[in-house]
Amino acid sequence: MDFAHTRRRRIGARRRMAALAVAAVATSTTLAACGSSDSGGEAAKGGSAKGKTVMLLAGANSNTWAGYFNKIFTQEMKAEGVTVKPMLTLSPTEQVQQFREAIAQKPDAIVITLLDNKATILGIKQAKQAGVPVITFDGPPDPSVRDQVRSVESDNPALGRLAAENLIEGLRAQGKKKANIIAIGGLKAMLLTQQRQEAFDEEMKKAPEYRVLETTDSQWNPTLALQQAQQLIAKHGKGNIDAAYGMSDYLAIPIIQAAKQAGMKVGGKDGLLVVSGNCFKAGIDAIKKGEMYGTNTEDPGTLAKETADYTTKFLTGDDVEQHVTIKEERINPDNVDQFAEQCSHA
């Protein structure tokens, strides 16, 4: 945690020392109340979160992941006496406008998932200038403004790597010497999407016999993911696709649906092998049915509770790290029961 310190000037005349001391005390009091760290204002240590206000800039409730996150985060914050004012959207352009509006309201903190990392750089800088703390969640901020925010991050590189590990493991278990793969990605403007995809691609290089044919940008939209899966199957031919990666369970399930519609066998010893990026009840059920080989954690409920806990501690002045990352786990048929409860609330 970075703090600015006032610099005391040396004054030769003794008669001015008393006035200087009074001024120093006043300045220290102001800093304690407002804060001046690079990541926005700091709360006074030992304070209370009750009565404070947080602006929540997150995905719209129509998105399965975002809807559950918003619900749990709001419940957790209200239990601490914090007022949550939601500004929800799936549009990166609209979020930029919402960011400006949120800053103007001068809340005690803005909690935001960044839909477009580049487009929100200016908003982060404006919040810093206005003394409004910003806490990003799920994905990281742009590196150029990382020191100006706080963050509660999913381990997105791990999520990409673990998905590739599941894919390689599953194909080898099927005895596939070669394989063609399609991938349905999230919103490419988000740094978290880029991190997952880069880590996935890097891990897949360890198994060059398995080739990724194409990766789409679904914008985290299941309906669009279904359309894209149908198009990819038609384009490459159902007999030429051996496996698929959906960056989230609700992107992977549409792939399974499209494959069935095309008359493809799914799962088993020689059917289409599908893996995902983070878990939902539908994904857990699909693994148990044998229609999906694996997924990972990063469920919205766990992240919502971690983000709410971090935000509460920040608002009460606890000495929390500026950036924290949540550990993620790989899920497959061998350990699906272990994570079923955690992943089945959305």
Side-chain angles (χ1 to χ4, degrees), residues 1-3 28-89 95 98-114 120 123-124 126-139 141 148-154 298-326 342 345-346:
M1 192 177 299
D2 297 325
F3 293 92
S28 298
T29 301
T30 301
L31 286 174
C34 302
S36 58
S37 76
D38 286 343
S39 55
E42 302 289 343
K45 289 186 177 181
S48 170
K50 188 175 181 179
K52 297 193 175 182
T53 299
V54 168
M55 305 297 297
L56 175 63
L57 276 64
N61 289 331
S62 58
N63 176 278
T64 306
W65 191 99
Y68 194 71
F69 177 96
N70 299 340
K71 174 184 176 181
I72 299 303
F73 177 83
T74 301
Q75 287 178 352
E76 295 288 315
M77 297 308 297
K78 284 186 176 180
E80 298 293 336
V82 177
T83 298
V84 177
K85 294 185 177 181
M87 302 181 77
L88 311 178
T89 185
Q95 188 182 68
Q98 290 178 340
F99 206 168
R100 289 195 293 266
E101 295 172 2
I103 295 168
Q105 293 191 38
K106 291 282 188 176
D108 294 287
I110 293 174
V111 177
I112 180 172
T113 182
L114 302 170
T120 48
I124 289 172
Q126 291 173 336
K128 174 65 171 60
Q129 292 172 352
V132 178
V134 174
I135 301 171
T136 70
F137 67 89
D138 197 10
Q148 297 183 37
V149 305
R150 295 176 170 275
S151 66
V152 182
E153 301 174 23
S154 304
E298 205 260 349
D299 62 290
T302 296
L303 183 60
K305 290 179 180 179
E306 293 283 352
T307 305
D309 181 63
Y310 182 96
T311 303
T312 300
K313 288 178 179 177
F314 171 75
L315 292 175
T316 56
D318 281 8
D319 189 14
V320 289
E321 294 182 25
Q322 187 170 352
H323 304 288
V324 297
T325 301
I326 299 173
Q342 175 183 339
H345 296 284

Review point. Tell me the salt bridge (charged side-chain N to carboxylate O under 4.0 Å, His left out) pairs involving residues 301-312, sequence neighbours left out?
Key: Asp309-Lys313
Point to revise | Sequence neighbours excluded, every pair satisfying salt bridge (charged side-chain N to carboxylate O under 4.0 Å, His left out) that has a member inside residues 60-84 | key: none
Would the distance check show the side chain of [X] and the main-chain N or O of [Y] forming a donor-acceptor pair, the cut-off being under 3.5 Å?
| X | Y | result |
| --- | --- | --- |
| Asn70 | Ala60 | no |
| Gln322 | Val149 | yes |
| Ser48 | Lys50 | yes |

Check your understanding: Can you check whether Val82 reaches Asp108 side chain to side chain, under 4.5 Å on heavy atoms?
Key -> no
Check your understanding: Looking at side-chain heavy atoms only, is the closest gap between Gln98 and Pro86 below 4.5 Å?
Key -> no
Can you list everything that forms a side chain to side chain contact (heavy atoms under 4.5 Å, CB included) with [X]? Sequence neighbours excluded, please.
| X | result |
| --- | --- |
| Gln342 | Thr297, Asp299, Thr302, Phe339 |
| Thr120 | Gln95, Phe99, Leu114 |
| His345 | Tyr68, Glu341 |
| Ala130 | Ile103, Lys106, Val132 |

To the nearest 0.5 Å, what is the distance between [atom1] on [X] and [atom2] on [Y]?
| X | Y | atom1 | atom2 | value |
| --- | --- | --- | --- | --- |
| Asn61 | Thr64 | CG | OG1 | 10.5 Å |
| Ile326 | Glu153 | CD1 | CD | 9.5 Å |
| Asp318 | Thr312 | CG | OG1 | 9.5 Å |
| Lys85 | Leu56 | NZ | CG | 13.0 Å |
| Thr136 | Gln148 | OG1 | CD | 12.5 Å |
| Ile112 | Ile135 | CD1 | CD1 | 11.5 Å |

Check your understanding: Name the one of Val54, Thr316, Val152 that satisfies side chain to side chain contact (heavy atoms under 4.5 Å, CB included) with Thr311?
Key -> Val54
Point to revise | Check against side-chain contact (heavy atoms from CB on, under 4.5 Å), Phe69 and Phe137 | key: CA-CA 11 Å; Phe69 177 96; Phe137 67 89; 3.4 Å; yes
Return the set of residues passing side chain to side chain donor-acceptor pair (under 3.5 Å) with [X] (not counting sequence neighbours), or none when no residue passes.
| X | result |
| --- | --- |
| Tyr310 | Arg150 |
| Thr307 | none |
| Thr89 | Glu94 |

Study note, to complete from the structure: Taking every heavy atom of Ala102 against every heavy atom of Pro107, the minimum-distance pair comes out as O-CD, 3.2 Å
Review point. Cut-off 3.5 Å, side chains only: do Ser154 and Asp138 have a donor facing an acceptor?
Key: yes
